[in-house]
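To start, the structure itself, in structure tokens.
Basis for what follows: all heavy atoms, side chains included, without hydrogens, waters or symmetry-related copies. These numbers come from a predicted model, not from an experiment. A, B, ... follow the sequence lines: proteins, then strands. Residue 1 opens every chain.
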Amino acid sequence: MAKTNPGRFFEDYSVGDVIRHAVPRTVSGGERALYHALYPARHALYSSDEFARGCGLPSSPLDDLAAFHVVFGKTVPDVSLNALANLGYAEGRWLTPVYPGDTLRSTSEVIGLKQNSNGKSGVVWVRTKGENQRGETVMEYVRWVMVRKRDPEAAAPETRMPDLKPALDAGDLVIPEGLDFTDYDFTLAGEPHRWGDYEVGEVIDHVDGVTVEEAEHMMATRLWQNTAKVHFDATLREDGNRLIYGGHVISMARTLSFNGLANAQMIVGLNAGAHANPCYSGDTIKAWSAVLDKAETPAPGVGALRLRLVATKGGEPFTLRGEDGKYLPHVLLDLDYWALIPL
Amino acid sequence: MAKTNPGRFFEDYSVGDVIRHAVPRTVSGGERALYHALYPARHALYSSDEFARGCGLPSSPLDDLAAFHVVFGKTVPDVSLNALANLGYAEGRWLTPVYPGDTLRSTSEVIGLKQNSNGKSGVVWVRTKGENQRGETVMEYVRWVMVRKRDPEAAAPETRMPDLKPALDAGDLVIPEGLDFTDYDFTLAGEPHRWGDYEVGEVIDHVDGVTVEEAEHMMATRLWQNTAKVHFDATLREDGNRLIYGGHVISMARTLSFNGLANAQMIVGLNAGAHANPCYSGDTIKAWSAVLDKAETPAPGVGALRLRLVATKGGEPFTLRGEDGKYLPHVLLDLDYWALIPL
Amino acid sequence: MAKTNPGRFFEDYSVGDVIRHAVPRTVSGGERALYHALYPARHALYSSDEFARGCGLPSSPLDDLAAFHVVFGKTVPDVSLNALANLGYAEGRWLTPVYPGDTLRSTSEVIGLKQNSNGKSGVVWVRTKGENQRGETVMEYVRWVMVRKRDPEAAAPETRMPDLKPALDAGDLVIPEGLDFTDYDFTLAGEPHRWGDYEVGEVIDHVDGVTVEEAEHMMATRLWQNTAKVHFDATLREDGNRLIYGGHVISMARTLSFNGLANAQMIVGLNAGAHANPCYSGDTIKAWSAVLDKAETPAPGVGALRLRLVATKGGEPFTLRGEDGKYLPHVLLDLDYWALIPL
């Protein structure tokens, strides 16, 4: 019994700790095909080697969110096995595209701790980096989770809350080397809308809906080697439902957003994110977006849009919070990210 | 809202229009593995590089129907998003095998239009071509669909009905370069039956059945980037069932036909096809075939069989239409194709 | 009808027969990705090319059990299509790792026959070998099944029962060429426990559970081209459940055993195995292990553990048989295997 991983509890973290997460992963065309089978992924840069070459990349990379899921999945056994809630994301940046054949691993540094007033749990902030086989950082992000204490009597650590940007500046974004949208083929990409066609404040209903199934979210979550048992074991809840990994909702919403944002090709920044309500098998996920900001970039023909992506299970589009300021019950996800789009 | 694709309506098509469909796709071993996971695919030429080399090909191609689904999927946003019915196929030919690493895209030409007498919809005929990254046509086919009008008051276009062959002649078929069945290994292929063993009029019950699941047909349909919402959104029907993509039934029936037609390796012609009744999760698909015609080909050791492939959900095999001439309720698919088989 | 495979019946086997099984299969990164999507597979040697190279292998092999499933799947149409029960395994050895790009085929020799006293069926023993495209044996094992007779009046064959080892000796195990655990990275592998930390008699509860779904087990079983209809056709049982392929339970239990046996990387020997009770969709699979034996090996830094792996659907861990000596109803699998682990 002593040999299995009980996960870490709140008192097992100290600010400055660096955790090398286990189980590096080599990705291939198989992961890409599965991403396309599990989500309605249609962004052309991630579908066609030819299209990617036309944009200055050597070939079509693994979807940015797939890279995120691989990096994130490795952190689960060390960071969120005993988590009571996944509270937020900040300062997420994609630094180097991931290609079939690359091997990824993850490292997290504990950058903040704050015990809750009830003494039974606390909040842990980690900055996670994913690296490839050449030691290049492929992405990094800050995440904070509420973690149970093993011993409620354990002394509270000194409170240390990291100073996090509410959103990345456009200047913080890293544009993949060689990216060039000057010869972008809007017909093959699927929509004519370019950077100049989007206005700050504009909202887009992505229209389509996908009803999610147990087999699909479990396959997706396993593919990223995320082992949190709430996603797999139906005996943990009376209704037999398994809690769907929040990342499954992120990828479903992002891929649904193709319809209206087909040219928002590459995700380069993750400003913030909240899993507003749990998602279960049988829910029909829809999505809407709002344009929060716009910026130019130094890369040829490449602009950036800051987007709010909201996933819902029914309910009116463009509704987010009730009068009490809380997320409405039909809201699953509220994500704030930067994407690159042709000027 | 204006940025999402509402699909085309009947009055948006003109004969002679050429539509370049969006989202090119690079295929890999991942698509091949998924095809084998989603269907009971066992034709040796599509399973083994060694077997394919023994038949004169450079390696094992992507299943012909997988190539068809990729080419077809791209047409959905432009052709059938507002379709009321998928009416038929004709003059389908596979011209060049598709290999892992190839990138496919699709183009359709509008070749026929006929408004329905009710004035609310019409029939659109398109000839679709799939091309690889070298500009070679990998396959082509004609399909016709019934499409809603946006405005029932819109004037009817001039009726133009294309002149389509009821079936391809054997001479129309294109044999993949190098194909040679003279050293064909019947034991490794799984059955001893060769071209000479099949007689016109012969019928074969493929015996096995597969009960289909929501998760599987949605994964298959997404893999081909077919985004028609009826396949994914359970809220569109009272019973929560999602309509299964007709191509899922085609692939299921074709792979079930291995049992009795294991040597009918390559599909090279699609003469006709009807989705006779809708298929839903929980249906158990079975299949039977009838030999419609036989022909020799110029390739060494290679013969051709023209086959009727019928998929059913229960019911007696070899029954197809009632006394009224209509398909019986248990018939899902009636497909007419040419396949290559060793002499 | 005569063209479909009715399977072999008991009287169709003779001791000494060698059956070349059909449908060779080339594996790719796609099979590997699917294995990780279908099972919570986390053993680092099968996840990362870099990790595998650090252990002296050229790259990350296909999971040993995936190789087993491919080899096994090919035998089903010839060995177990009319099987009433899959009775046991013995003398299983993995001889050469399987890598993406390899093409596998299978051959079985009939090594034993014994008609049952009821005269209606008999037991057939076969020794199956899987070979790659270079003719190297990648694995071999003995399996015995109870098969129906076509004709109950057919004469009984001479009884021949093979002399099988109750378990392989450590000296029978073949260590992959080049394997070297002297620079093994325990942090990246996920657990600190090495060969010396395990004691004979020790038991480990692997804690996690996975509830299985129809779509998943059918995809897995098809991926290995195992066509036994009981796994796919819901109309064969009144409750619509499909019997889950025993190999699905083996892979689920083995991957769950990562939690406590993360360093038991390579499976090299299969001593025995029993599918104690059937598994159906909705069952929640858990697993526990017992250390049966330990041995050193000639390879640098490489030790061997002989492990009992038990899969259950609920019930107390570490319980196996009732007072009557029969497996308890919650026990799904009792497997006895040798694995390689760093010293």
Closest non-hydrogen atom pair, Glu216(B) against Ala215(C): OE2-O, 3.4 Å

Validation row: Ser28(C), Arg32(B) side chains within 4.5 angstrom (heavy atoms): no

Proximal to chain C - members of residues 178-192 of chain B, heavy-atom separation under 4.5 Å: Asp185(B), Thr187(B), Leu188(B), Ala189(B), Gly190(B), Glu191(B)

Per-residue contacts, residues 50-58 of chain B versus chain C, heavy atoms under 4.5 Å: Glu50(B), Phe51(B)

Gap between atom OG1 of Thr284(B) and atom CZ of Arg242(C) - 0.5 Å precision: 7.0 Å

Side-chain touch Thr211(B)/Met218(C), heavy atoms, less than 4.5 angstrom: no

Heavy-atom side-chain proximity of Glu213(C) to Glu213(B) below 4.5 angstrom: no

Spatial distance of atom OG (Ser47(B)) from atom NZ (Lys74(C)) [nearest 0.5 Å]: 5.5 Å

Lys294(B) atom NZ, neighbour heavy-atom count above 12 within 6.0 Å: yes

Heavy-atom side-chain contact between Arg105(C) and Ser48(B) under 4.5 Å: no

Segment of Ala33(C) engaging chain B (4.5 angstrom heavy-atom cut-off): neither

Test item: Ser60(B) and Thr26(C) side chains (from C-beta on) under 4.5 Å apart, heavy atoms: no

Contact winner vs chain B - Leu34(C), Asp78(C), Leu104(C), Asn226(C), heavy-atom pairs under 4.5 Å: Leu34(C)

Region of His231(C) that comes under 4.5 Å of a non-hydrogen atom in chain B: neither

Closest-packed option against chain C by number of heavy-atom pairs under 4.5 Å, given Gly30(B), Gly29(B), Gly209(B), Ala44(B): Gly209(B)

Heavy-atom check, side chain of Phe258(B) versus side chain of Thr227(C), under 4.5 Å: no

Contacting moiety of Asp208(B), where chain C heavy atoms sit under 4.5 Å: side chain

Over 12 foreign heavy atoms within 6.0 Å of CD, Glu136(C): yes

Close side-chain approach of Arg222(C) to Val210(B), heavy-atom, < 4.5 Å: yes

Top of Lys229(C), Arg20(C), Glu31(C) for chain B proximity - count of heavy-atom pairs under 4.5 angstrom: Arg20(C)

Side-chain heavy atoms of Thr4(C) within contact of Ile204(B), under 4.5 Å: yes

Approximate separation, where rounding is to 0.5 Å, of Gln133(C) CD and Asp49(B) CG: 9.0 Å

Non-hydrogen atoms of Pro77(C) and Arg42(B) that approach each other most closely: CG-NH2, 3.4 Å

